[in-house]
Number of protein chains: 2
Amino acid sequence: MPAAFSVEPRLSATAEEEAYRHLQRALRLGRYKPGDRLIPEEIAAEIGMSRMPVREAFRRLASDGLVVLRPNRGCVVAGLTVDELYEIFEIRSVLEGLAVRLAMPRIDEEALEEFENLLDRMERAGQSGSSDWVIRHQEFHGRICALSRRPKLIHQVSALHVVIEPYMRIWFDDADKPLSAREEHAAVIAALRSGDARHAEEVMQDHILGTAPMLAEFVSASR
Amino acid sequence: MPAAFSVEPRLSATAEEEAYRHLQRALRLGRYKPGDRLIPEEIAAEIGMSRMPVREAFRRLASDGLVVLRPNRGCVVAGLTVDELYEIFEIRSVLEGLAVRLAMPRIDEEALEEFENLLDRMERAGQSGSSDWVIRHQEFHGRICALSRRPKLIHQVSALHVVIEPYMRIWFDDADKPLSAREEHAAVIAALRSGDARHAEEVMQDHILGTAPMLAEFVSASR
DNA sequence: AAAAGTATTTTTGTATCCACGTATCATAAA
DNA sequence: TTTATGATACGTGGATACAAAAATACTTTT
């Protein structure tokens with residue numbers, strides 16, 4: 001018998017990378033709740049490595065704002081206050097607004113068609129629960145941002161989407177599913193079609209700031 | 001977490017924290033050049049600790065964009081292309097614009113006086129070389145941001161100032177010192193005095209986007 | 001019951017070892 | 001001279017064991 005059951009080969013990713021992905025995924029899905037303690041040894045055992053790469057992953061997650069690392073008191077899952085949630089939407093509004101403005105020169109018929117397809121997919125995914133919808137929603141916003149061709153901007157926006165993801169899920173699952181979502185996003189596409197970069201920026205800002213209160217209100221009620 | 005003009009109190013000094021501060025400071029001052037390799041052992045010896053906390057500090061610095069960490073190839077000092085420098089100024093423009101808009105309700109005569117004092121100090125610091133001027137400049141922008149009372153926004157803006165700091169120093173030292181700086185910043189104060197939040201936001205955006213080409217052009221010439 | 005002191009647990013940092021990927025450089029082949 | 005090839009040195013990533021420091025829990029005493 002060949003070495004079929006020898007030691008699992010670490011293919012491309014480092015252990016730290018694996019720990020980071022593992023934890024980020026769990027946190028995005030809401031598997032841990034705010035305030036939960038993350039014990040390096042446990043996590044390490046869970047994914048079959050030592051605590052060292054896990055601790056390094058903690059640092060990155062802390063930079064992303066997904067966990068809080070307090071000296072000598074370990075790692076706890078970060079939660080967002082309503083104010084913080086609001087703040088993130090404020091930041092998103094200007095960043096994604098900027099992205100739309102910068103993307104405008106590259107918006108052509110093809111791109112617009114893609115966005116409408118994504119909108120349809122988002123709609124359909126909405127039937128089957130929060131998980132798919134949230135992903136499609138991120139995809140919609142992400143594709144628009146991508147056309148700005150600004151790597152750092154894209155990255156920052158993406159990071160913000162990750163942080164609010166658990167709350168989007170709760171919102172989508174427990175509240176009535178965002179009814180206005182389709183029209184809101186259709187309005188963004190319409191603004192993109194107009195060709196007016198400043199106008200599209202404004203519409204995107206309004207869209208994002210408009211959804212913030214609904215989500216914030218709901219989240220504050222559900223605790 | 002970068003802390004150019006952060007308000008966070010220093011809790012306790014872990015070794016990782018010390019390594020992070022040490023390296024961030026060195027990178028901000030331009031003690032290392034883009035592409036330089038940072039060898040954990042060396043740095044660890046330099047500040048009297050082992051490799052581990054240094055490596056953890058690397059992760060944070062990488063999240064901040066100050067270094068690049070490639071698997072099995074260690075840690076190298078990040079450099080910004082002209083495009084990236086531009087991008088950061090674009091992001092700064094909307095973030096600091098937002099900060100000004102949100103700060104407006106808290107702008108009173110006292111605040112305006114403080115800003116004018118800071119402007120004077122910046123001017124005076126300009127005589128004595130880049131080091132003081134850059135710090136004062138960050139302080140000026142930082143104090144305005146602080147009035148927005150948005151911790152995450154403040155933090156992100158601060159992080160961006162850290163990343164561009166070495167380039168600001170080069171610019172200030174080697175180019176003619178930014179002559180228009182005083183008027184530019186005075187214009188921002190004037191806009192704040194007007195009480196019109198949207199107008200002030202726009203002035204701040206223009207100020208930031210206006211300085212970008214000068215710096216970018218100079219940096220691209222000096223390599 | 002409150003305070004003080006002691007023990008225990010947890011976190012953090014150190015030291016050491018090893019496997020593996022990368023880079024360097026000399027040598028061989030084209 | 002250029003291009004492959006291969007040996008070798010080096011650094012990184014990771015594991016493990018251990019020590020120290022801080023926080024927490026637990027007594028004991030007043």
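Chain letters run A, B, ... following the sequence lines, proteins first, then strands; residues in each count from 1. Hydrogens, waters and symmetry mates are skipped; everything else that's a heavy atom, side chains included, is used.
For the pair A:E16 CD and C:dC20 P, the interatomic distance rounds to 20 Å; values are reported in whole Å. When the P atom of C:dT11 is taken as reference, atom CG of A:L69 falls 11 Å away, rounded to whole Å. Residue A:R70 contributes atom CZ, which lies 11 Å from atom P of C:dT12 at whole-angstrom precision. Going from atom CD of B:E18 over to atom P of C:dT12 covers 16 Å, rounded to whole Å. The CD-P distance, from B:E42 to D:dC10, rounds to 14 Å in whole Å. Between the P atom of C:dC18 and the CG atom of B:N72 lies a distance of 19 Å, rounded to the nearest Å. Going from atom CD of B:E17 over to atom C1' of C:dT11 covers 16 Å, rounded to whole Å. Distance, B:E56 CD to C:dT14 C1': 13 Å, rounded to whole Å.
With axes fitted over five pairs at each extremity, the angle between the ends of the helix from C:dA1-D:dT30 to C:dA30-D:dT1 is 10° (10° resolution).
A cation-pi arrangement is not found for B:R55 relative to B:F58, the charged atom failing to lie both closer than 6.0 Å to the ring centre and inside a 45° cone about the ring normal.
In the displayed structure, B:R106 atom CZ is contacted under 6.0 Å by more than 12 heavy atoms of other residues, nucleotides or ligands.
Where A:S50 and A:R73 meet DNA chain D, the nucleotide closest to each residue was compared, and A:S50 sits on the side nearer the 5' end.
Contacts with DNA chain C (heavy atom under 4.0 Å) in residues 31-38 of chain B: none are found.
Distances from the side chain of B:M52 to the nucleotides C:dG13, C:dT12, D:dT12 place C:dG13 closest. Of the candidates C:dT16, D:dA22, D:dT16, C:dT16 carries the atom nearest the B:R51 side chain, counting heavy atoms from C-beta on.
Contacts of B:H185 classified as ring pair (Phe, Tyr, Trp, His ring centres under 6.0 Å), with partners at least two apart in sequence or in another chain: B:H137, B:F140, B:H141, B:H207. Every residue two or more places apart in sequence or in another chain that forms a side-chain hydrogen bond (donor to acceptor under 3.5 Å, both in side chains) with A:Y20 is listed here: A:D64. Listed by chain and number, the residues in a side-chain hydrogen bond (donor to acceptor under 3.5 Å, both in side chains) with A:E165 are A:R28, A:Q138, A:R169 (sequence neighbours excluded).
At a threshold of 4.0 Å, the pair A:R150-B:E87 does not count as salt-bridged, since none of the basic side-chain nitrogens sits closer than that to a carboxylate oxygen.
In this structure, A:M204 and A:L95 have side chains that are not in contact, with every pair of non-hydrogen atoms separated by 4.5 Å or more. Counting only heavy atoms from C-beta outward, the side chains of A:E90 and B:L153 never approach each other to under 4.5 Å.
In this structure, A:R55 reaches the C:dG13 phosphate: one of its side-chain N or O atoms is under 4.0 Å from OP1 or OP2. Within the 4.0 Å cut-off from OP1 or OP2 of D:dT12, not a single side-chain nitrogen or oxygen of A:T14 is found.
Looking at heavy-atom distances under 4.0 Å, A:P40 makes no contact with the nucleic acid at all.
Legend: side-chain hydrogen bond (donor to acceptor under 3.5 Å, both in side chains) pairs involving residues 36-54 of chain A, not counting sequence neighbours, sorted by first then second residue: A:H22-A:E46.
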